[in-house]
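For the single chain, residues carry numbers from 1 onward in sequence order.
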Amino acid sequence: MKDSEIKSYVKERYGGIARSGGGCGCNTGCCGSPSPDLISRAIGYSDEDLSAVPEGANLGLGCGNPTAIAALKPGETVLDLGSGAGFDAFLAARQVGPTGKVIGVDMTPDMLSRARENARKGDIANVEFRQGEIENLPVASGTVDTIISNCVINLSPDKPKVFAEAFRVLKPGGRIAVSDIVLTEPLPEYIRDSVAAYTACVAGAILKDEYLAAIRKAGFEKVQIIGETCFDLDFIDMAPGLMREAEALGLTEEKIQHISETIVSVKVSAVKPVS
């Protein structure tokens, strides 16, 4: 798929999620699967987190809780890459307080509309949402203290550019704290070429070592994985065609389980050097 096609598919998929109210994205909250709140509890959010955001902000699309590892401080400026309906942005806004600021960037107009409406409903004044692509951030250089992102960078067809942009907008000494999907070995071709698997945050994922290398190449230091868990292959439930194709190819249940074990959710932190 061309980069433009990938972005078009992603925008269409997540625009539909924004309009419908959640699920069927990077996680399994669809087609009878658990609710967004149950999914979020399973990936590291507390009941306090869930009750602290406006209704409709949590769409159950993450693969971790980046605000839990970001160590945000009052007065900081935070940038959320792929902010969706605003869930993580609103949690960050509570942590940085009224003297701080959170900027959410998303390329999907329907998600931005939903996030802005959620901010209005919650009377959250220290958050703003900007339309843009994470490969070309609408943010001035050297103005951000911390960048967070939740299961979004894997959707980008140019991950090195994303990390280069993150490096650009951070202040010296600034940091990133992201949750994302990576691989421990290459995926089978039929999954790599699947639009459904791509928008489910799987087909666009790269090898873990390549992901970490892209962060280092952008100039970051102290790159480390804070946590790591296998990502359930329930994404198949969101794309029954993938399962049918797997069966047609003669893949055994054991082979499918092995594929599942190569899809990993990681929490990663890194720091922009002071000089």
Rounded distance (nearest 0.5 Å) linking atom [atom1] of [X] with atom [atom2] of [Y]:
X	Y	atom1	atom2	answer
Leu112	Phe129	CG	CZ	8.5 Å
Lys208	Thr262	NZ	OG1	11.5 Å
Ile263	Leu187	CD1	CG	5.5 Å
Arg116	Arg130	CZ	CZ	10.5 Å

Does the side chain of [Y] come within less than 4.5 Å of [X]'s, by heavy atoms?
X	Y	result
Ile181	Val264	no
Leu38	Pro36	no
Arg41	Asp47	yes
Lys73	Asp145	no
Leu81	Leu137	yes
Ile134	Leu155	no
Lys272	Ile176	no
Pro157	Glu135	yes

[X] with [Y], same ILVMFWY side-chain cluster at under 4.5 Å:
X	Y	answer
Val268	Val169	yes
Phe167	Leu170	yes
Val223	Ile206	yes
Val178	Val271	no
Ile226	Ile147	no

request  = Could you verify whether a donor N or O on one side chain and an acceptor N or O on the other, from Asn65 and Lys267, lie under 3.5 Å apart?
outcome  =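 Result is no, nothing qualifies.
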
Return the minimal non-hydrogen interatomic distance between [X] and [Y], and the atom names on each side.
X	Y	result
Cys63	Ser265	O-OG, 2.6 Å
Ser40	Gly60	OG-CA, 4.5 Å
Gly219	Pro273	O-CD, 3.3 Å
Ser149	Val152	OG-CB, 3.7 Å

Any pair counted as side chain to side chain donor-acceptor pair (under 3.5 Å), so long as it reaches residues 176-186, sequence neighbours left out =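 Of all non-adjacent pairs touching residues 176-186, those that pass side chain to side chain donor-acceptor pair (under 3.5 Å) are Asn154-Asp180, Asp180-Tyr211, Glu185-His258.
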
Lys217 atom NZ, over 12 foreign heavy atoms within 6.0 Å =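 Atom NZ in Lys217 is not crowded, with 12 or fewer foreign heavy atoms closer than 6.0 Å.
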
Is a salt bridge present between [X] and [Y], judged by a nitrogen-to-oxygen distance below 4.0 Å?
X	Y	result
Glu76	Arg175	yes
Glu210	Lys159	no
Glu165	Arg168	yes

inquiry  = Keeping Arg19 on the side-chain end and Asp110 on the backbone end, is there a donor-acceptor pair under 3.5 Å?
reply    =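 It does not hold such a pair.
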
request  = Start with the C-alpha distance between Asn118 and Val53, add both sets of side-chain angles, then the distance that settles side-chain contact (heavy atoms from CB on, under 4.5 Å), and finish with yes or no.
outcome  = CA-CA 9 Å; Asn118 286 333; Val53 300; over 6 Å; no

request  = Go through the steps for Thr77 and Thr143 under the test side-chain contact (heavy atoms from CB on, under 4.5 Å), then give the verdict.
outcome  = CA-CA 8 Å; Thr77 296; Thr143 58; 5.9 Å; no

Would you list the atom pairs, donor with acceptor, under 3.5 Å between side chains in residues 83-109 and any protein atom, with sequence neighbours excluded?
residue : atom : partner : partner atom : Å
Ser83   : OG   : Val105  : N            : 3.3
Asp88   : OD1  : Tyr45   : OH           : 2.6
Asp88   : OD2  : Tyr45   : OH           : 3.4
Asp88   : OD2  : Asn150  : ND2          : 3.1
Thr99   : OG1  : Gly75   : N            : 3.4
Lys101  : NZ   : Glu128  : OE2          : 2.9
Asp106  : OD1  : Thr108  : N            : 2.9
Asp106  : OD1  : Thr108  : OG1          : 3.3
Asp106  : OD2  : Ser83   : N            : 3.4
Asp106  : OD2  : Gly84   : N            : 2.8

